[in-house]
Amino acid sequence: MQPGDVDSFEDRLRQRAQSRAHALDTVPTDAALKPRGRIANTPLATSTVSFLLGNVFALGALTCIVGGFSRFWWSTYQLGFFLAAWSAFHWGEFAVTAGWNKDKCSIDSFLLENGIQYHMAHGFAIFEYLITLYFRPTWKKHAYVSALGVILAVVGQMLRSAAMIHAGSSFSHIVALRKVDTHILVTDGVYRWFRHPSYAGFFYWALGTQLVLQNPITFIGFAIVLWRFFDHRIRAEEGYLIRFFGRDYIEYRKRVGTRIPFIP
C-alpha cells in the first residue's frame with residue numbers, strides 16, 4: 001500500500017464519520033435553514049438554553065400559583081405568569097420543532113435571536129408594569145383583566161403549537177421561497193378555521209400577556225406592531241403559496257380567514 005493510498009483511506013474514514021449524524025445533533029438538512037445566530041448549535045448549548053428556560057418557567061409558575069410573594073413588592077402573580085409564558089413559548093418552539101419537524105430543527109428554533117427590537121419590546125413591557133405597580137399599584141388590581149389575559153395567552157399558545165404540530169415538515173420559521181417535495185397544502189385540523197394559525201396564535205398570545213400585566217401602552221404597541229408585521233408577512237408568504245399550489249390555495253384562501261382583525 002502506497003502512502004497516498006493510506007491518506008486516501010483515512011480521508012474516506014473521516015468523511016464517513018462526519019456523515020453520521022449524532023442522535024443529539026440538530027442540524028437542518030436545508031442549507032437555507034442553517035443557524036445564523038450567535039448561540040452555538042451544539043447539544044451543550046441546546047441543553048443549557050433548555051435548562052435556563054426551565055428555571056425561569058418554574059420560578060414564574062411558582063410565583064403565579066402562590067399569588068406572588070408579599071416580601072417583595074414586585075413579585076406578583078402577574079409578573080410570574082408573564083415570565084412563565086415567555087419561557088414556555090421559547091422552549092415550546094424548539095420542542096415542537098424537534099418533535100415534529102426535526103429536519104428544520106436547530107438552536108435557532110428557540111427563537112431567542114429574533115432581533116433586538118423583540119427583546120426591547122418585552123423589556124419595555126416589564127418596565128411599564130413595574131413602574132406602574134410602584135407608583136400606581138391600584139391600576140394593577142383588575143383581576144378580571146388579568147384572567148382574560150391568561151385565557152388569551154394559553155389559547156394562543158395552544159393554537160400556535162397545534163398549528164406547528166399539524167403542519168409537520170410543511171411548517172417553517174422562515175418563509176419558504178421554493179417548494180420542496182415535503183411541502184403540502186394543509187387545510188384540515190386547525191387550518192380548517194385559521195388560514196395562518198401559528199401567526200394568529202402568537203398574535204393573541206402576545207396580547208394576552210399584556211392583558212395579564214394590565215399594560216395599556218404596551219398592549220396597544222404590541223397590537224399595532226404585530227398587526228403590521230403579520231399583514232406584511234402574510235401578503236408576502238401567500239404570494240409564494242399561490243405559486244406553489246395555484247388554484248387550490250386561492251380557493252382555500254376564499255374559504256378560510258386569518259382570524260386576525262382586519263387581515264382577511
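Sequence positions, counted from 1, serve as the residue numbers for this chain. The analysis underlying the following values was restricted to heavy atoms, covering all of them including side chains, and did not include hydrogens, waters or symmetry mates.
A donor and an acceptor atom, one from each side chain of Glu128 and Thr132, are nowhere located under 3.5 Å apart.
With sequence neighbours excluded, no residue satisfies ring-ring contact (aromatic ring centres under 6.0 Å, His included) with Trp139. When the side-chain contact (heavy atoms from CB on, under 4.5 Å) test is applied to Arg253, the partners found at least two apart in sequence or on another chain are Arg195, Glu238, Ile242, Tyr249. Taking Thr76 as the reference, Tyr129 meet the side-chain hydrogen bond (donor to acceptor under 3.5 Å, both in side chains) condition, with sequence neighbours excluded. Scanning for side-chain contact (heavy atoms from CB on, under 4.5 Å) contacts around Ile224 gives Ile220, Arg228, with sequence neighbours left out. For Ala162, the side-chain contact (heavy atoms from CB on, under 4.5 Å) partners two or more places apart in sequence, or in a different chain, are Val190. With sequence neighbours left out, Phe94 forms a ring-ring contact (aromatic ring centres under 6.0 Å, His included) with Phe110. In this structure, the side-chain contact (heavy atoms from CB on, under 4.5 Å) partners of Pro35, at least two apart in sequence or on a different chain, are Pro28, Asn41, Ser106, Ile107, Asp108.
For the pair Arg247 and Glu251, the salt-bridge criterion is met [side-chain N within less than 4.0 Å of a carboxylate O].
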Check your understanding: Which is it for Tyr252 and Tyr191 under the side-chain contact (heavy atoms from CB on, under 4.5 Å) test, yes or no, and what are the steps along the way?
Key -> CA-CA 10 Å; Tyr252 170 65; Tyr191 290 84; 3.6 Å; yes
Review point. Should Val27 and Lys34 be marked as a side-chain contact (heavy atoms from CB on, under 4.5 Å) after you check the CA-CA gap, both sets of side-chain angles, and the distance that decides it?
Key: CA-CA 7 Å; Val27 182; Lys34 298 295 183 182; 3.3 Å; yes
Practice item. Begin with the C-alpha distance, continue with both residues' side-chain angles, and end with the deciding distance and a verdict on ring-ring contact (aromatic ring centres under 6.0 Å, His included) for His166 and Phe194. Key: CA-CA 12 Å; His166 194 71; Phe194 295 83; over 10 Å; no
Review point. Would Trp193 and Val256 satisfy side-chain contact (heavy atoms from CB on, under 4.5 Å), going step by step from the backbone distance to the final call?
Key: CA-CA 6 Å; Trp193 299 286; Val256 181; 5.7 Å; no
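Atom CG of Leu130 is separated from atom CG of Leu213 by 9.0 Å, given to the nearest 0.5 angstrom. We find the CG-OG1 distance between Asn215 and Thr209 to be 8.5 Å, quoted to the nearest 0.5 Å. To the nearest 0.5 angstrom, Ile217 atom CD1 is 12.5 Å from Phe222 atom CZ. Distance check, rounded to the nearest 0.5 Å: CH2 of Trp100 to OG of Ser161 gives 9.0 Å. The OG atom of Ser172 sits 7.5 Å away from the CG atom of Asn101 when rounded to the nearest 0.5 Å. Atoms CG and OG1, on Leu111 and Thr97 in that order, are 7.5 Å from each other to the nearest 0.5 Å.
Within the 3.5 Å criterion, the main-chain N or O of Leu33 finds no donor-acceptor partner in the side chain of Lys104. Not a single donor-acceptor pair under 3.5 Å links the side chain of Ser109 to the backbone N or O of Cys105.
A single hydrophobic cluster is not seen to contain both Ile260 and Val175; linkage of ILVMFWY side chains at heavy-atom distances under 4.5 Å, directly or through other members, places them apart.
Applying the salt bridge (charged side-chain N to carboxylate O under 4.0 Å, His left out) test to every pair with at least one member in residues 40-56, sequence neighbours left out, gives no pairs at all. Pairs of residues two or more places apart, or lying in two chains, that qualify as salt bridge (charged side-chain N to carboxylate O under 4.0 Å, His left out) and include a residue from residues 92-101 are Glu93-Arg160.
Contact check for Trp74 versus Tyr134: no side-chain heavy atoms found under the 4.5 Å cut-off. Using a 4.5 Å heavy-atom cutoff, the side chains of Phe171 and Val186 are not in contact.
Note: Phe262 and Trp227 fail the aromatic proximity criterion, with ring centroids not under 6.0 Å apart. Between Tyr240 and His183, the gap from one ring centroid to the other reaches at least 6.0 Å.
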Hey, can you pull the donor-acceptor pairs under 3.5 Å for the side chains in residues 54-72, sequence neighbours left out?
unit_1: Asn55; atom_1: ND2; unit_2: Phe51; atom_2: O; d: 2.7
unit_1: Thr63; atom_1: OG1; unit_2: Leu59; atom_2: O; d: 2.8

Side-chain donor/acceptor pairs under 3.5 Å, residues 146-155, sequence neighbours excluded:
unit_1: Ser146; atom_1: OG; unit_2: Gln78; atom_2: NE2; d: 3.0
unit_1: Ser146; atom_1: OG; unit_2: Val212; atom_2: O; d: 2.7
unit_1: Ser146; atom_1: OG; unit_2: Gln214; atom_2: NE2; d: 2.8

Please list every donor-acceptor pair under 3.5 Å in which a side-chain atom of residues 197-204 meets a protein atom from a residue at least two apart or in another chain.
unit_1: Tyr199; atom_1: OH; unit_2: Arg233; atom_2: NE; d: 2.8
unit_1: Tyr199; atom_1: OH; unit_2: Glu237; atom_2: OE1; d: 2.4
unit_1: Tyr204; atom_1: OH; unit_2: Arg259; atom_2: O; d: 2.5

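The aromatic rings of Trp205 and His122 sit tilted relative to each other, their planes meeting at an angle between 30° and 60°.
Within 6.0 Å of the CZ atom in Arg36, the count of heavy atoms belonging to other residues, nucleotides or ligands exceeds 12.
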